[in-house]
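Just so you know, these numbers come straight off a predicted model, no measurement behind them. Any value given below was found using the heavy atoms of this structure, including those in side chains, with hydrogens, waters and symmetry copies removed. Order of the sequence lines fixes the chain letters, A, B, ..., with proteins taken first and strands second; residue numbering starts at 1 for each chain.
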Amino acid sequence: MAPDDKGALFPAEGGVRERVIAFLQKAISQGCFDAVLIPARAPGTDSLTYSLIGAEQLLENAYPLPPVMPVQGAKAISSLTRTGKGTKKIAALIRPCELRATVELFKLGQVDLDNIWLISIDCPGALPLAEWAKDAKKAEDAFAKILKEGPNEDIRPICQICDKFSTTGAEDLHIGVPAGKASGILLIPNSPKGEAILECLGITAGEDLSGWRERVDKLTGARVEKKRQAQQELEAKSKGLDKLLDTFSQCINCHNCMRVCPICYCQQCFFDSDNMQFSFEDYLKRAQAAGGLRLPPDTLLFHIGRMLHMSLSCVSCGACEDACPTAIPVAQVFSLVGNRNQEAFDYVPGRSRDEPPPLRVYQEEEFEEVEQSHAAVPAKQEARDG
Amino acid sequence: MGEGFTPRIVGFLCNWCSYAGADLAGAAKLEIPASLSVIRVMCSGRVDPVLVATALLRGADGVLIAGCHPGDCHYREGNYYARRRFALLKKTLETLGLDTKRLMLAWVSASEGQRFGEVANQFAGQIIGAGIAGIEASLLLANSGRKVYLIEKTSYIGGNVIKFEEVFPNMDCATCMIAPKQQELLANENIELLTLSQVEAVSGAAGDFSVKIKQKARYIDLVNCIGCNACFDPCPVEVDNEFEEGLTKRKAVYIPCAGALPNVPAIDTENCLRFKGKECQACQEACAFEAIDFDQQDKELELKVGAIVVATGFSMFDIGKISQYGYKKLGGVYSAMEIERICASNGPTQGEITLQSGEAPKSVAIINCVGREEKGYCSAVCCMAALKLCHFLKNKLPELKITQFYSDLCIPGKAYQHFYQEVKDSGVDFIRAEVTGISESGKELAVKYKTGEGKENSLAADMVILNPALEPGAESAKLAGMLNIPQSREGFFSEKEPDLTPVATAQDGIFIAGCAQGPKDIAETIAEAEATAGRILSRSG
Amino acid sequence: MAKRLGVYVCECGTNIADKVDIDKVLAVVRSLKDVVVADRYKLLCSGDGQEYLKQSITENGLTHLVVAACSPKQHETTFMNVCERAGLNPYLFQLVNIREQCAWVTSDGEAATDKAIRQIRAAISRVHYHTALEKKGMECNPDVLVIGGGIAGIKASQILAAPDRKVYLVEKTASLGGKTRRFSKLFVNMESGPALIAGEIERLQKNKNIEVLTESEAEQILGFLGNFEVKVVSKAEDKEAKEQNFNVGAVVLATGFDLSDAKGLPQYGYGTLDDVYTSLDFEEMNLADGPTQGKILLKNGQPPKSAAIIHCVGRAEKGYCSKVCCLYSFKFDRMLQSQLAGVKIAHFYSDLCIPGKANQKFYEDSRESGVEFIRSAVTEIAGGDKGLTVKYESESGAKGDLAVDMVILLPAMETSGDARKFAEMLNIPQDDKGFLAEEHQLLSPVASAVEGVFVIGCARGPQSIAESIVQAEASAGKILSALVPGRKLELEVKTSQILESFCTGCKTCLEVCPYGAITFDEDRQISVVNEVLCHGCGNCAAACPSGAARLKHFTFPQLYQELKEVLR
């Protein structure tokens with residue numbers, strides 16, 4: 001976050017949603033983009049889905065910052081360009097974790113961002129999906145309170161420890177939500193495409209962002225500490241083979257977590273493929289050797305394998321935990337492993353469109369601590385350090 | 001896990017380095033835990049973390065992944081990725097609280113049988129636990145469809161290169177680097193390897209040479225012998241091992257070093273009792289394969305060939321000629337080649353750097369340009385070789401103080417200066433001076449030198465390494481006469497037109513490559529070998 | 001079709017039989033599914049042993065073979081050949097190492113037997129999953145494209161060209177000969193550069209198998225070893241651009257060198273002071289068709305009475321030694337002395353680089369003729385009304401200066417500007433100094449990381465004419481050995497494949513392939529392995545999360561089968 005970055009104040013009235021919709025309507029009318037990809041609520045229903053909206057008036061149904069995250073925005077965006085990029089300009093209004101996942105998918109060749117403007121927005125968190133399914137009205141009221149007063153204990157556990165709820169730097173435009181009663185939203189461009197939106201709207205980035213910055217930084221600091229504590233507690237509960245098996249003991253192998261995960265982009269998951277289909281004799285032998293065998297087997301292997309495949313790109317969005325029918329804290333475990341692995345590789349998924357995924361590159365000298373090599377640490381290093 | 005617990009350990013070994021290293025451990029009859037089962041893959045980069053996780057979850061008590069040393073990967077980069085994937089796996093398991101002591105990533109080269117043994121035993125314990133120019137030219141010619149006769153004086157291939165543990169500037173493991181080429185050579189049907197052979201006479205002209213070869217009998221049947229080395233122990237004769245620069249002994253029936261190819265011994269008739277008229281068949285009795293055949297005879301062969309490539313390599317200047325350096329007189333004074341063997345993991349000390357007292361040296365002086373004045377030319381590779389030794393020694397003994405004495409630093413080309421800078425930055429001292437003498441000074445040695453300004457000084461050191469000039473191979477003069485090609489004033493084979501036809505000689509159809517032509521490094525040697533193939537295969541005028 | 005496995009355990013004389021209880025092994029093996037015959041034999045690699053195996057394959061109608069014996073590195077090829085002779089696909093075979101990695105390293109016989117059983121079971125399970133693989137050959141084009149018409153390119157062309165192998169020699173400028181053509185003398189024997197080049201050009205013109213394209217540039221080179229598609233554009237002055245398309249099997253880059261810009265080092269006064277020349281300037285001066293008709297003259301038209309030759313100009317900045325400057329500086333001594341009787345010459349240098357059998361004498365001759373050698377660092381060349389002054393500092397710190405009429409700078413050699421263009425076009429890595437990188441610095445000095453593309457001469461690093469010629473011939477050696485007219489290129493059998501239906505086009509495999517053997521098909525949006533370039537390392541298979549990339553003979557199910565057996 002550069003201290004001298006600038007933003008523009010887009011004047012608009014009402015709650016956060018109203019202000020955002022006003023901005024989008026103006027942008028469409030000015031021709032800044034042709035359509036918007038945004039969560040929308042079908043009138044008179046509890047149906048919340050990502051919708052591609054081209055008509056200005058239909059934007060009234062748009063529901064930015066929905067109380068829950070029904071579909072991970074990155075999945076929605078990538079499905080748009082599945083067969084190639086379009087010629088129309090689309091703006092996608094998404095949460096920061098959805099943005100980061102989109103950037104990862106971009107690097108993994110799963111989405112073409114040429115004609116897509118990525119717009120993220122300060123996120124107060126989301127409620128567990130199950131709550132919306134149980135009682136949408138109650139959930140909506142609870143979330144309205146959050147939108148007005150800020151995040152509280154109602155948001156999902158993964159959101160409570162999220163320290164990346166604001167601008168990442170890889171989006172085209174970020175919407176900063178000013179505190180309390182404000183007369184608009186802050187539009188913060190982070191790329192030439194983002195700047196083009198401001199130009200199109202005829203507004204200049206001359207707003208002082210320091211107040212907003214301060215609030216964001218303060219909450220980020222608090223979250224970092226909360227994450228550290230929460231992860232410590234989680235480790236105590238789940239670390240070690242027995243505790244791990246316990247944590248996943250209720251897993252029914254539905255693989256929902258994998259299906260909703262934006263990073264799991266494989267046509268067919270390795271763990272659903274023929275590679276993981278073993279013979280009758282094989283199962284029988286295993287059952288005989290161990291005394292018994294769960295069927296379908298290899299539950300822990302699926303989870304650990306999925307971690308090995310996607311943890312470096314895990315953005316801690318929590319879609320997996322929302323989708324788990326047996327309430328396993330899968331997002332928290334995966335986020336923990338993801339964070340540790342990312343630290344080891346000095347990689348933050350989604351922070352840059354140019355940073356290569358760590359397993360695609362290497363340095364000639366690195367990770368000396370994991371290899372058994374007969375050369376001692378070269379003397380020259382000591383000479384330089386000492 | 002109860003009593004009688006036998007751990008199940010899986011090792012994924014890469015075909016080119018670590019699997020060969022494991023085989024070498026076998027040839028050396030080291031003890032490897034029976035609990036280690038091996039799965040061969042082509043490259044450590046093939047091992048995906050899910051496979052390892054599967055192994056662990058299927059009950060493996062330990063999974064070992066072994067590959068070539070970074071920088072030596074047969075497929076260039078596979079092991080770099082393997083290392084990253086391993087780091088990911090390890091970190092994941094660590095975070096989940098699963099036992100990461102069950103995982104090991106080790107680099108084992110093809111010549112590191114001993115090391116494989118150490119790695120395997122350490123890991124299991126953790127759980128409860130034929131030279132290079134000739135070879136290159138032969139391969140290129142054979143692969144194009146030509147029949148090649150490769151005449152080698154000694155009993156093994158690889159020449160001088162296999163004596164080096166690591167080579168400059170990238171510190172590649174020399175034996176790992178050429179092992180695939182050696183194996184390709186031995187397996188190539190178009191190449192007939194004639195070891196223990198020398199040229200006796202040459203007649204004819206390009207396109208139609210007649211070459212008389214005398215092949216000494218090896219007394220071992222190449223087909224029956226499986227390289228088990230059982231014949232060595234019983235042999236009563238012990239002599240200095242020339243390959244090891246006399247630092248260790250060998251028997252009269254011997255292979256020069258572990259890993260030498262072909263892996264078949266020879267009998268040294270000059271020292272074997274039987275060939276000196278005494279009764280002895282100890283080796284034959286020990287052989288279970290009827291591979292020892294005292295009735296073999298030296299052979300005379302006549303080969304008809306279209307072209308001849310001379311790649312007889314180099315030998316070293318006799319340092320003894322400079323008596324003031326105390327070589328072979330003072331303890332602690334070594335030649336560079338002796339030190340190369342001491343550094344080698346398959347050498348007389350398995351790579352441990354020690355003085356005769358058994359202790360590691362604390363200070364070393366390296367004297368360059370030994371014999372330069374006498375020979376009248378710069379040997380091109382010694383400065384780099386000395387830097388390589390510095391790098392290697394510093395890695396083995398980080399506290400070692402090294403001083404290099406030199407006259408002009410010869411580090412030409414894009415890659416070498418950087419290496420020099422690295423070595424300099426690691427704390428090695430460089431003194432431009434003429435070394436006038438080496439003498440004993442208490443328990444240490446005193447190196448007396450004179451700088452350019454004429455100042456005289458002395459430096460104390462535990463160990464002195466003398467870096468001598470390169471000379472042409474011992475039989476060069478005789479061979480030059482037989483082939484009717486002139487030698488330069490320095491004794492190397494002469495090119496036809498020095499600046500313009502470096503590998504051609506005055507005789508059409510006879511080519512020279514490598515150090516036979518003049519002192520040079522491995523890269524230039526290979527280029528010249530390839531150039532001779534180019535000239536031979538070319539059908540231009 | 002039902003599988004019929006044959007399993008044979010070699011006694012290897014006593015080497016295996018003494019340690020491993022082979023009968024116990026056979027008892028276990030015979031009980032396994034699909035094993036129709038299992039037996040022991042004294043020495044399977046012997047002539048008799050191989051014949052025995054061959055007959056057994058035929059008599060028992062075996063569909064798969066497992067042999068437990070020594071290391072595959074010893075006899076895998078031997079037994080694969082036996083399979084072929086018996087009409088069994090050699091990839092439906094597995095060799096188990098129960099000697100080097102079992103009998104020889106396990107002192108306890110029981111433990112060795114257990115291990116042997118484990119590894120043999122692993123092989124038997126694995127071989128069930130083997131598929132027959134066929135040797136592949138590819139038609140290749142034996143012609144060659146040589147880029148750069150200097151001495152290296154010329155020599156490469158001559159040695160490669162033949163009636164069944166055409167060579168296209170493409171040169172950017174109007175004349176062949178590169179820098180060599182503008183060296184009036186060549187070290188060590190002082191031959192004439194222009195005469196040498198003139199002779200070579202004559203030979204080239206007579207050679208019907210070489211097509212020389214001057215004032216031409218290769219604009220596009222696509223493809224791989226054996227099959228490159230080349231587009232060359234020729235543009236002579238005042239003429240229309242002409243395009244030519246042709247196919248070749250290999251490409252040789254010989255783009256040469258440039259001197260680094262001495263103007264970037266103002267302390268030497270190049271471009272600001274009169275009579276400070278670079279080595280190339282001095283070479284031009286000595287040519288009969290040069291600016292002074294071959295006479296060594298100062299700007300004022302007078303011959304110099306003294307000259308200073310400054311070595312290592314730009315060496316510290318570039319970080320490498322340019323290898324040939326010391327040698328050609330001695331050549332300059334002779335050129336100066338032969339024209340200007342009594343000329344005083346002083347060299348300012350740090351380390352003399354004169355490797356090789358003949359070069360020290362060349363230096364000694366210079367010194368003995370009265371040339372002065374001052375080991376020092378030159379801090380400045382100063383101008384004045386009395387001429388030039390070389391200011392220098394010796395290693396001990398003592399300062400000095402020398403007045404001279406002429407200064408000749410020896411700047412560092414860089415790879416020519418065109419190298420970058422081809423590096424990008426052909427995906428050849430450049431090192432941090434800008435030179436094109438070889439495949440392996442020691443073992444493969446003229447091949448590049450891209451198969452079929454060779455880099456010779458100063459494009460890959462500063463070197464002499466002799467070395468450039470060696471490399472030209474070396475590239476010919478490699479090309480002539482690999483691309484034989486009429487013979488198909490033998491390709492790696494155990495290559496990788498990417499299953500279209502599984503591939504999502506994430507390009508992870510493409511990024512990690514060490515050989516650039518994977519390309520992206522924009523139409524189908526999937527990655528595709530070029531089996532000509534694939535070396536079978538399996539990196540792509542390990543990197544692909546969905547298992548779309550699979551390495552033949554080392555697939556996940558095959559490795560899993562081994563795994564599951566050794567862990568029982």
**OP:** Look at atom NZ of A:K239 and say whether more than 12 heavy atoms of other residues, nucleotides or ligands are closer to it than 6.0 Å.
**Re:** yes
When the 4.5 angstrom heavy-atom criterion is applied to A:Q231 and chain B, the contacting part is neither
Minimal heavy-atom distance between A:S311 and B:L88, with the atoms involved, is OG-CD1, 4.1 Å
request  = Determine, step by step, whether A:M307 and B:L96 satisfy the side-chain contact (heavy atoms from CB on, under 4.5 Å) criterion, reporting the C-alpha distance in whole Å, the side-chain angles of both residues, the deciding distance to 0.1 Å, and the verdict.
outcome  = CA-CA 11 Å; A:M307 280 178 211; B:L96 294 173; 3.8 Å; yes
Applying a strict 4.5 Å limit to non-hydrogen atoms, the region of B:E118 in contact with chain A is neither
Taking a cut-off of under 4.5 angstrom between non-hydrogen atoms, the residues of residues 329-343 of chain A near chain B are A:V333, A:L336, A:V337, A:R340, A:N341
**Message:** Using a 3.5 Å distance criterion without hydrogens, assess whether the side chain of B:R84 forms a donor-acceptor pair with backbone atoms of A:F367.
**Reply:** no
Okay, B:L57 and chain A: the region with an atom under 4.5 Å from a heavy atom over there is side chain
Nearest heavy-atom contact between B:P70 and A:E371 is CG-OE1, 4.1 Å
Hits for side chain to side chain contact (heavy atoms under 4.5 Å, CB included) against A:K226, two or more places apart or cross-chain, chain-then-number order -> A:E153, A:Q160, A:I161
For B:R83 and A:Q363 the tightest heavy-atom approach is NH2-O, 3.0 Å
Turns out that what part of A:R360 lies under 4.5 Å from chain B's heavy atoms comes down to backbone
Taking a cut-off of under 4.5 angstrom between non-hydrogen atoms, the residues of residues 294-303 of chain A near chain B are A:D298, A:L300, A:L301
Against chain B, residues from residues 251-276 of chain A with at least one heavy atom under 4.5 Å, in numeric order, are A:F270, A:F271, A:M276
Distance col, row B:K91:NZ vs A:L312:CG, nearest 0.5 angstrom, shows 12.0 Å
On a heavy-atom basis, the closest approach of A:L308 and B:A53 is CD1-CB, 4.0 Å
When the 4.5 angstrom heavy-atom criterion is applied to A:L241 and chain B, the contacting part is both
Scored by heavy-atom pairs under 4.5 Å with chain B, the best of A:P358, A:A289, A:G305 is A:P358
Note: A:G240 and B:L98 closest approach over all heavy atoms is C-CD2, 4.3 Å
| message | Would you say NZ of B:K401 has more than 12 non-hydrogen atoms from neighbouring residues, nucleotides or ligands within 6.0 angstrom? | response | yes
| task | For A:E364, look at atom CD and say whether over 12 heavy atoms of other residues, nucleotides or ligands are found less than 6.0 Å away. | result | no
Checklist entry - Mind checking whether B:Y81 and A:Y362 have parallel, tilted or perpendicular rings, split at 30° and 60°? => result perpendicular
